[in-house]
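None of the values given here were measured: they were computed from a predicted structure. A, B, ... follow the sequence lines: proteins, then strands. Residue 1 opens every chain. Atom set for the values below is all heavy atoms of this structure, side chains included, hydrogens, waters and symmetry mates excluded.
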There are 2 protein chains.
Amino acid sequence: MKKAEATRFSILRKAFELIYTKGYQTTSIDDILATTKVTKGAFYYHFKNKDEMGLAIINEILKPNFAKNFIDPLKNDQDPIELIYNMMYHLLMENEFLKVEYGCPAANLTQEMAPWNERFAKALDELVNQWNKSLIATIEKGKKDGRIRQNVDAKQVTFFVMSGYWGIRNFGKLENNRSVYVSYLKELKNYLNSLR
Amino acid sequence: MKKAEATRFSILRKAFELIYTKGYQTTSIDDILATTKVTKGAFYYHFKNKDEMGLAIINEILKPNFAKNFIDPLKNDQDPIELIYNMMYHLLMENEFLKVEYGCPAANLTQEMAPWNERFAKALDELVNQWNKSLIATIEKGKKDGRIRQNVDAKQVTFFVMSGYWGIRNFGKLENNRSVYVSYLKELKNYLNSLR
DNA sequence: CTAAAAACATACTGAGTAGTATGTTTTGTT
DNA sequence: AACAAAACATACTACTCAGTATGTTTTTAG
């Protein structure tokens with residue numbers, strides 16, 4: 001039962017890469033098979049259909065990656081403002097997994113699938129809610145520690161910060177240049193400092 | 001030369017609606033023909049191919065709409081902070097053309113097309129640059145009038161604000177609920193006021 | 001009114017597409 | 001080794017897609 005798991009995972013990995021760069025709809029199963037050297041029989045042995053594979057990508061590829069890069073960095077007792085800024089800086093400037101020209105995988109999938117596939121929307125919403133909760137908790141902790149103003153609304157700030165991230169990712173796609181990230185990050189720092 | 005223009009425009013209008021709700025790739029020409037009651041011969045008389053139609057949508061549908069809702073509201077001598085906030089409020093809460101479940105048409109197209117179609121990317125970039133310039137001008141004017149701090153970087157703020165808008169539009173898709181807009185707008189107001 | 005061009009209509013093509021039917025090979029269990 | 005189930009392979013189907021070939025109708029200019 002080990003080789004089969006490897007086959008399944010290799011499909012998910014490669015499919016994710018193709019979908020990240022090309023989009024879900026425009027990535028055909030034949031595309032995936034061609035790059036994985038897996039045959040159609042194997043594919044449909046592991047996945048009931050394309051959508052099941054898509055959901056598996058969210059749950060088995062995106063979710064762990066999200067946890068590592070969006071959640072774990074906040075689990076720390078440093079200054080919350082710095083934690084949030086550093087996470088963003090890392091995501092935008094240092095993470096070699098996320099490419100400027102292809103944006104954010106979760107945002108891409110949301111954009112493409114959420115309006116007409118409830119199951120995708122729900123899976124992605126769960127993903128994003130984890131980030132949401134972590135950010136809120138980080139800010140609330142900062143308020144308790146006296147490092148963030150008491151009249152700051154953690155939920156509002158979180159939506160504001162998350163939106164900015166998704167938006168600048170889309171912007172990067174358009175310009176295909178990290179310079180927009182630099183401007184964004186500078187102003188993000190100003191904004192975050194205004195919460196002190 | 002009047003009826004033909006009407007046919008062309010009706011194709012663009014209906015195609016835009018379909019693309020806005022379903023996406024560019026997943027909107028087939030046959031879909032467009034079915035809803036417009038135009039035949040394939042007529043379609044290909046007016047447009048060389050699907051991509052030319054897509055570009056026409058950006059230039060002839062999106063651009064005027066963008067000018068009306070994103071540019072013109074800033075051409076005013078009111079307080080720049082209020083101008084920007086009111087524009088955003090109108091876009092998110094009052095504009096009945098833009099639906100929460102379908103996000104921002106320009107952002108959708110950027111997400112879907114920018115990485116692998118240069119002409120779309122360029123056309124969309126022009127569109128967005130106009131908004132960019134208007135926002136920068138608005139902020140610069142505010143600085144001159146003394147209504148915005150002198151050490152505010154207009155370009156940075158503009159990227160930050162635009163990103164937030166695109167991001168919260170994507171968020172709205174996920175939750176399919178304007179309540180995220182409300183949180184976002186409250187925090188946007190806080191942020192904008194911090195620029196005074 | 002007439003002829004030519006503009007505007008549209010119909011039927012088709014060839015290349016994908018997701019998914020299936022029906023196999024063969026590999027693996028684990030006894 | 002033997003057998004069954006798991007894991008994979010191949011060939012196909014029914015359908016959709018963008019685009020074309022070849023018409024017919026409508027408009028416009030003289």
Closest to the side chain of Asp30(A), out of dC17(D), dT10(D), dT17(C), is dT17(C)
Set of residues satisfying side chain to side chain contact (heavy atoms under 4.5 Å, CB included) with respect to Glu140(B), sequence neighbours excluded: Ile136(B), Lys143(B), Ala154(B)
So, with a heavy-atom separation below 4.0 Å from DNA chain C, the residues of residues 7-18 of chain B are Thr7(B)
What side-chain donor-acceptor pairs closer than 3.5 Å can you find for residues 95-110 of chain A, not counting sequence neighbours?
{"unit_1": "Asn95(A)", "atom_1": "OD1", "unit_2": "Phe97(A)", "atom_2": "N", "d": "2.7"}
{"unit_1": "Asn95(A)", "atom_1": "OD1", "unit_2": "Leu98(A)", "atom_2": "N", "d": "3.2"}
{"unit_1": "Lys99(A)", "atom_1": "NZ", "unit_2": "Glu96(A)", "atom_2": "O", "d": "3.1"}
{"unit_1": "Asn108(A)", "atom_1": "OD1", "unit_2": "Lys173(A)", "atom_2": "NZ", "d": "3.2"}
{"unit_1": "Asn108(A)", "atom_1": "ND2", "unit_2": "Tyr102(A)", "atom_2": "O", "d": "2.8"}
{"unit_1": "Thr110(A)", "atom_1": "OG1", "unit_2": "Ala106(A)", "atom_2": "O", "d": "2.8"}

Is it the case that the ring center of Phe70(B) lies less than 6.0 angstrom away from the ring center of Tyr165(B)? yes
To the nearest angstrom, the NZ-C1' distance between Lys37(A) and dA9(D) comes to 15 Å
When Asn151(A), Val161(A), Ile81(A), Ile139(A) are each screened for side chain to side chain contact (heavy atoms under 4.5 Å, CB included) with Leu195(A), the one that passes is Ile81(A)
Which residues within residues 50-59 of chain A lie with some heavy atom under 4.0 Å of an atom in DNA chain C? Lys50(A)
Atom OH of Tyr24(B) and atom P of dA18(D) are separated, to the nearest Å, by 9 Å
Remember a base hit wins even if backbone is also touched, and classify Tyr44(B) as base, sugar-phosphate or nothing at under 4.0 Å, heavy atoms. base
Step by step, work out the salt bridge (Lys or Arg N to Asp or Glu O under 4.0 Å) result for Lys122(B) and Asp125(B). CA-CA 5 Å; Lys122(B) 202 180 159 224; Asp125(B) 200 31; over 6 Å; no
Which of dT10(D), dT20(D), dC8(C) is nearest the side chain of Lys40(A)? It is dT10(D)
Decide yes or no on salt bridge (Lys or Arg N to Asp or Glu O under 4.0 Å) for Asp79(A) and Arg196(A), but give the supporting numbers first. CA-CA 11 Å; Asp79(A) 179 57; Arg196(A) 288 186 196 278; 2.9 Å; yes
Check every atom of dA9(D), dG19(D), dA18(C) against the side chain of Asn49(B) and return the nucleotide holding the closest atom. dG19(D)
I'd like to check the side chain to side chain donor-acceptor pair (under 3.5 Å) partners of Tyr24(A); sequence neighbours left out, ordered by chain and number. Asp51(A)
Answer with base, sugar-phosphate or nothing: what part of the nucleic acid does Thr26(A) contact at a heavy-atom distance below 4.0 Å? nothing
Does OP1 or OP2 of dC8(D) have a side-chain N or O of His46(A) closer than 4.0 Å? yes
Could you tell me which non-hydrogen atom of Pro73(A) sits nearest to which non-hydrogen atom of Leu83(A), and how far apart they are? O-CD2, 3.3 Å
Rounded to whole Å, CD1 of Ile32(A) lies from P of dC8(D) at a distance of 16 Å
Under 6.0 Å from the OH atom of Tyr85(B), do we count more than 12 heavy atoms belonging to anything else shown? yes
Indicate whether any N or O donor in one side chain lies under 3.5 Å from an N or O acceptor in the other, for Glu187(A) and Tyr191(B). yes
Looking at every heavy atom in both Gly164(A) and Tyr184(A), which two are closest together, and how far apart are they? C-OH, 3.4 Å
In this structure, how many angstroms lie between the P atom of dA18(D) and the CG atom of Leu33(B), rounded? 9 Å
In this structure, how many angstroms lie between the C1' atom of dG19(C) and the CZ atom of Phe43(A), rounded? 10 Å
Hey, is the side chain of Ser28(A) poking within less than 4.0 Å of OP1 or OP2 on dT17(C), counting only N and O atoms? yes
Nucleic acid contacts of residues 113-124 of chain B, taken as heavy-atom distances under 4.0 Å to DNA chain D: none
Locate the shortest heavy-atom distance separating Gln156(B) from Lys186(A); write the atom from each residue and the value. NE2-CD, 3.2 Å
Ile29(A) CD1 to dC12(D) P, straight-line distance once rounded to whole Å: 20 Å
Could you state the CZ-P distance from Phe47(A) to dG19(C), rounded to the nearest angstrom? 13 Å
